[in-house]
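The structure appears right after this line, and notes come after that.
Residue numbers start from 1 in every chain, and the chains themselves are labelled A, B, ... in the order their sequence lines are given, proteins ahead of strands. All of these numbers come straight from a predicted model, not from anything done at the bench.
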Number of protein chains: 2
Amino acid sequence: MLSHKAKYALKALLYLAEQDENHISKTIEIADGANIPKKFLEQILLDLKRGRFVSSKQGKFGGYYLIKSKNDITLAEIHRLFDGAIALLPCASLNFYEPCADCKTESECSLRHGLMIIRDETLRAMQGITIASLVKK
Amino acid sequence: MLSHKAKYALKALLYLAEQDENHISKTIEIADGANIPKKFLEQILLDLKRGRFVSSKQGKFGGYYLIKSKNDITLAEIHRLFDGAIALLPCASLNFYEPCADCKTESECSLRHGLMIIRDETLRAMQGITIASLVKK
DNA sequence: CTAAATCCTAGTTAATCTATAGAATTTACA
DNA sequence: TGTAAATTCTATAGATTAACTAGGATTTAG
């Protein structure tokens with residue numbers, strides 16, 4: 001399941017993608033438009049900024065805008081930024097790998113192989129969902 | 001990500017699937033064999049029993065055994081039993097559907113369609129991973 | 001009757017998620 | 001240069017959930 005943060009991030013990006021080129025959106029504008037608690041959205045936009053998906057203009061008449069093409073922002077990236085690993089266990093993860101503590105003797109746990117198959121399929125599917133693909137609906 | 005409960009459930013089922021036909025496994029045996037906290041495993045086995053994956057014999061010399069073919073127990077089923085929906089949002093779920101609270105005007109939220117695609121792909125992949133497929137490794 | 005197992009309910013602890021509060025900083029412009 | 005309006009930063013509250021743990025009730029074999 002996606003966290004609210006990830007869901008809100010997607011909706012915020014969607015909102016930004018629907019604006020005119022060169023338009024700068026204030027937080028309150030996005031919050032109202034996408035129905036997201038404003039103060040919570042502030043944090044999310046800062047995370048998106050640190051992740052180089054958006055940039056901001058500070059001060060009066062400031063706000064946020066996309067700096068990455070909506071064709072290049074994938075569900076997979078947003079999931080990883082806010083909710084971490086796409087794999088079902090850390091030992092099957094590409095970007096968040098950790099060995100499992102409860103697999104004693106064997107070097108690979110019994111679940112790892114199957115979960116890596118799932119990871120590959122899910123990842124591929126998630127990389128196919130972009131902000132652009134969600135907008136044109 | 002899988003919860004520990006779901007992970008332990010898979011490992012317990014795997015353990016049971018590896019035993020001889022007609023063998024009955026005590027909780028402590030499974031706990032030691034699969035490295036799972038015993039008291040926690042008790043609850044998990046009861047859940048698996050309620051889910052009709054295993055059955056039990058009570059009293060002295062009692063224990064647990066599979067009642068469903070290892071070819072018919074899929075990752076998707078275990079995920080649903082312990083971790084709920086496979087979809088990334090309730091509004092995109094087949095078995096755990098709930099409308100999203102924060103999608104006001106439109107009847108369908110902007111994310112729903114894309115997330116249903118992911119759900120279909122993930123579900124199909126998860127239905128392909130069975131206890132049997134994990135054993136033979 | 002007793003030992004050994006499952007079954008059941010409750011509670012505990014720690015972490016995490018979802019938000020909110022409030023002040024510091026930056027900027028446009030009158 | 002002052003002020004309004006925005007982002008940015010840090011802390012924290014409250015609720016929920018996850019991961020166990022405890023202890024006793026029940027069942028069964030011998």
Side-chain angles (χ1 to χ4, degrees), chain A residues 1-12 16 23-32 34-51 53-67 79 81-85 88-90 96 100-102, chain B residues 1-12 16 23-32 34-67 79 81-85 88-90 96 98 100-102:
Chain A
M1 281 284 197
L2 287 184
S3 66
H4 284 207
K5 247 185 175 170
K7 178 177 70 169
Y8 292 157
L10 289 168
K11 293 178 95 174
L16 291 176
H23 178 71
I24 284 187
S25 305
K26 289 184 289 183
T27 304
I28 188 71
E29 195 182 315
I30 306 171
D32 289 350
N35 215 25
I36 303 170
K38 194 224 168 194
K39 282 302 242 178
F40 199 23
L41 178 60
E42 280 184 13
Q43 295 176 9
I44 293 164
L45 288 168
L46 287 172
D47 288 336
L48 285 171
K49 189 183 175 185
R50 287 183 204 108
F53 295 97
V54 305
S55 188
S56 68
K57 184 162 174 294
Q58 286 195 118
K60 200 174 183 179
F61 304 122
Y64 291 91
Y65 52 96
L66 282 185
I67 54 168
H79 190 286
L81 183 60
F82 291 96
D83 293 351
L88 289 173
L89 285 183
F96 297 85
C100 20
D102 57 313
Chain B
M1 281 284 199
L2 288 184
S3 66
H4 283 205
K5 248 184 176 173
K7 179 178 68 168
Y8 291 157
L10 289 168
K11 293 178 95 174
L16 292 177
H23 178 72
I24 284 189
S25 305
K26 289 184 290 181
T27 304
I28 187 71
E29 197 183 312
I30 306 171
D32 288 350
N35 216 25
I36 303 169
K38 193 224 169 195
K39 282 302 243 177
F40 198 22
L41 179 59
E42 278 185 16
Q43 295 176 5
I44 293 164
L45 288 167
L46 287 172
D47 287 336
L48 286 171
K49 188 183 175 184
R50 287 184 204 107
R52 312 272 178 164
F53 294 97
V54 304
S55 189
S56 67
K57 185 163 174 294
Q58 286 196 115
K60 200 173 182 180
F61 304 122
Y64 292 91
Y65 52 95
L66 282 185
I67 54 169
H79 189 286
L81 183 60
F82 292 96
D83 293 350
L88 289 171
L89 285 182
F96 298 85
E98 276 181 64
C100 20
D102 56 313

For a quick test of reading the model: is some side-chain N or O of B:Ser3 closer than 4.0 Å to OP1 or OP2 of D:dA18?
no
How many Å lie between CD on A:Gln58 and P on C:dA28, as a whole number?
10 Å
Less than 4.0 angstrom between a side-chain N/O of B:Lys5 and OP1 or OP2 of D:dT17, yes or no?
no
Hey, could you give me the CG/NE2 distance between B:Asp83 and B:His4, rounded to the nearest 0.5 Å?
10.5 Å
With a 4.0 Å cut-off on heavy atoms, is B:Lys7 in touch with a base, just the backbone sugar-phosphate, or nothing at all?
nothing
Nearest to the side chain of B:Glu42 - D:dA29, D:dC9, C:dC8?
C:dC8
With a non-hydrogen cut-off below 4.0 angstrom, is B:Phe40 in contact with a base, only sugar-phosphate, or nothing?
base
Using whole Å, what does the distance between atom P of nucleotide C:dA4 and atom CZ of B:Phe61 come to?
9 Å
Side-chain N or O of B:Lys26 closer than 4.0 Å to phosphate OP1/OP2 of C:dA4:
no
Can you tell me the distance, in whole Å, between the CZ atom of A:Phe82 and the P atom of C:dC17?
12 Å
Let me know the distance between CG of B:Leu46 and P of D:dT26, rounded to the nearest Å.
16 Å
Does a side-chain heavy-atom distance below 4.5 Å link A:Tyr8 with A:Pro37?
yes
Nearest-Å distance, CG (A:Leu45) to C1' (C:dA19)?
15 Å
Passing option when B:Leu16 is tested against B:Ile67, B:Leu66, B:Leu48 for side-chain contact (heavy atoms from CB on, under 4.5 Å)
B:Leu66
Please work out if B:Lys39 contacts a base, only the sugar-phosphate, or nothing of the nucleic acid, heavy-atom cut-off 4.0 Å.
base
Looking at A:Ser56, does any N or O in its side chain come under 4.0 Å of the phosphate oxygens OP1/OP2 on D:dT8?
yes
Whether A:His4 contacts C:dC17 is assessed here as follows: a side-chain N or O lying under 4.0 Å from the phosphate OP1 or OP2. Is that the case?
no
A:Lys60 NZ to D:dT7 C1': how many Å, rounded?
15 Å
Calculate the interatomic distance between B:Tyr65 atom OH and C:dT6 atom C1'; express it in whole Å.
12 Å
Residue closer to the 5' end of DNA chain C, B:Gln43 versus A:Lys57 (nearest nucleotide)
B:Gln43
Here the distance between atom C1' of D:dC9 and atom CD1 of A:Ile44, to the nearest Å, is 16 Å
What nucleic acid atoms does A:Tyr8 come within less than 4.0 Å of, heavy atoms only: base, sugar-phosphate, or nothing?
sugar-phosphate
State the CD1-CZ distance between B:Ile44 and B:Phe82, to the nearest 0.5 angstrom.
6.0 Å
With side chains defined as the heavy atoms from C-beta onward, is the minimum distance between A:Tyr64 and A:Lys57 less than 4.5 Å?
no
